[in-house]
Amino acid sequence: MNQEKQKKLVLVDGSSYLFRAYHGLPQLTSPSGHPTGAIYGVLNMLRKLIKDEQPDRVAVVFDAKGKTFRNEIYPEYKANRPPMPDELRVQIEPLHQIIEAQGLPLISIEGVEADDVIGTMSQQASEQGYKVLISTGDKDMAQLVNADVSLINTMSNHFMDEAAVVEKFQVNASQIIDYLALMGDSSDNIPGVPKVGPKTAAKWIGEYGSLQAVMEHAGVFADVP
């Protein structure tokens, strides 16, 4: 009996695409002087991704305007980030309009980030039998990888499944949250354990298995080099 081919859902981290296109491409403008570089870059990446992957379904997810629940938990979240450049800000609405005009679902939910939406959708889709491919450049997304969920970085064309997560981070995908918690994230202004970088975090998680277990053995790490 021929096994039915598993359907594929591609989830695009539109916010990741937007910033990478803006910073990675020349500052293009329209004849009227309107900035268009980020728009051009995002649309090209979307077109290539869909052509290469031929998904059954696709959705493009963007961060919503305003703060999220993380700011309520930790007011200093992303407090060190400079404001979005005006040259990028004015490209967001036209880009959204073009994506929707192309018939692609565009999702943006107030109070949460694109990452949260993608995480929820990937879990729901895998439970419904889909193979999920997340297109992003965000390392935090590695926590979502499992037998049915993988990542692709369209800028580097790097594909990441469960084995690739272990190869890159030296921990399993299910341990990525604990791994990142130990390190912190300077780009998001989230403090970690002082002096703990990727190697130390991976070593501790590898030895003890979880953040909770590391905390229970905290006395062993009194003198971190």
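Within the structure, every pair that satisfies the side-chain hydrogen bond (donor to acceptor under 3.5 Å, both in side chains) test and touches residues 21-37, not counting sequence neighbours, is listed here: Ser30-Ser32. Judged as a salt bridge (Lys or Arg N to Asp or Glu O under 4.0 Å), the pairs with a partner in residues 33-49 (not counting sequence neighbours) are, in order, Lys48-Asp52. Residues in residues 132-146 take part in these salt bridge (Lys or Arg N to Asp or Glu O under 4.0 Å) pairs, two or more places apart or across chains: Lys139-Asp185. Each ring pair (Phe, Tyr, Trp, His ring centres under 6.0 Å) pair with one or both residues in residues 96-148, not counting sequence neighbours, appears once here: Phe62-His96.
No hydrogens or angles considered: a donor-acceptor pair under 3.5 Å links the side chains of Asp13 and Thr136.
Cluster annotation: Leu46 and Tyr40 are assigned to distinct hydrophobic clusters (Ile/Leu/Val/Met/Phe/Trp/Tyr, side-chain heavy-atom contacts under 4.5 Å, transitive). Hydrophobic clustering of Ile, Leu, Val, Met, Phe, Trp and Tyr side chains at less than 4.5 Å, counting indirect connections, unites Phe69 with Ile118. With hydrophobic clusters built from ILVMFWY side chains whose heavy atoms lie under 4.5 angstrom apart, Tyr17 shares a cluster with Phe159. Grouping the Ile, Leu, Val, Met, Phe, Trp and Tyr side chains by contacts below 4.5 angstrom, directly or via other members, places Leu95 with Met84. At a threshold of 4.5 Å between side-chain heavy atoms, the hydrophobic network of Ile, Leu, Val, Met, Phe, Trp and Tyr places Ile39 and Ile50 in one connected group.
Applying the side-chain hydrogen bond (donor to acceptor under 3.5 Å, both in side chains) rule to Ser16 yields no partners; only residues at least two apart in sequence or on another chain are considered.
Around CD of Glu87, the count of heavy atoms belonging to other residues, nucleotides or ligands within 6.0 Å exceeds 12. A 6.0 Å sphere centred on CD of Gln54 holds more than 12 heavy atoms belonging to other residues, nucleotides or ligands.
Counting only distance, with no hydrogens or angles, the side chain of Thr154 and the backbone of Met45 share no donor-acceptor pair below 3.5 Å. Between the side chain of Gln6 and the backbone N or O of Gly129, at least one donor-acceptor pair lies under 3.5 Å. Within the 3.5 Å criterion, the main-chain N or O of Glu53 finds a donor-acceptor partner in the side chain of Lys8. No side-chain donor-acceptor contact under 3.5 Å links Asn44 to the backbone of Gly41. Counting only distance, with no hydrogens or angles, the side chain of Gln170 and the backbone of Ala202 share no donor-acceptor pair below 3.5 Å. Checking side-chain atoms of Asn189 against main-chain N and O of Glu76 turns up a donor-acceptor pair under 3.5 Å.
Contact between Leu9 and Val58 at its shortest, heavy atoms only, is CD1-N, 4.0 Å. Val149 and Ser126 get closest at one heavy-atom pair: CG2-CB, 4.4 Å. Across every non-hydrogen atom of Ala59 and Ile107, the tightest pair is CB-CD1, 4.1 Å. Taking both residues in full, the closest heavy atoms of Ser15 and Asp63 are given as OG-N, 2.7 Å, listed atom of the first, atom of the second, then distance. Contact record, Ile134 with Ser122: CD1-CB, 4.2 Å, taken as the closest heavy-atom pair. Heavy atoms only, all atoms of each residue included: Arg20 and Gly137 are closest at NH1-CA, 3.4 Å.
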Stepwise side chain to side chain contact (heavy atoms under 4.5 Å, CB included) test for Val171 and Val166: CA-CA 5 Å; Val171 297; Val166 175; over 6 Å; no
Side chain to side chain contact (heavy atoms under 4.5 Å, CB included) assessment of Leu11 paired with Ser135: CA-CA 6 Å; Leu11 296 174; Ser135 183; over 6 Å; no
Steps toward side chain to side chain contact (heavy atoms under 4.5 Å, CB included) verdict (Leu88, Leu18): CA-CA 8 Å; Leu88 176 57; Leu18 183 69; 3.7 Å; yes
Derivation of the side chain to side chain contact (heavy atoms under 4.5 Å, CB included) call for Thr68 and Val112: CA-CA 5 Å; Thr68 71; Val112 297; 5.6 Å; no
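To the nearest 0.5 Å, the span separating NZ on Lys65 from OG on Ser108 amounts to 9.5 Å. Taking CG of Asp161 as the reference point, atom CD of Glu167 lies at 9.5 Å (rounded to 0.5 Å). With values rounded to the nearest 0.5 angstrom, Lys78 atom NZ is found 7.5 Å from Arg70 atom CZ. To the nearest 0.5 Å, the span separating CE on Met141 from CG on Asn153 amounts to 11.5 Å. Taking CG from Leu144 and CE from Met160, the interatomic distance works out to 12.0 Å, rounded to the nearest 0.5 Å. Rounding to the nearest 0.5 Å places CD of Gln102 at 12.5 Å from CD of Gln97.
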Enumerate donor-acceptor pairs with a distance under 3.5 Å from any side-chain N or O in residues 173-183 to protein atoms, sequence neighbours excluded.
residue: Gln175; atom: OE1; partner: Asn172; partner atom: N; Å: 3.0
residue: Gln175; atom: NE2; partner: Gly209; partner atom: O; Å: 3.2
residue: Asp178; atom: OD2; partner: Leu211; partner atom: N; Å: 2.9

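For the pair Ile99 and Leu43, the minimum side-chain heavy-atom distance is below 4.5 Å. Using a 4.5 Å cut-off on side-chain heavy atoms (C-beta onward), Lys203 and Lys199 make no contact.
Comment: Asp188 engages Arg81 in a salt bridge, judged by a side-chain N to carboxylate O separation of less than 4.0 angstrom.
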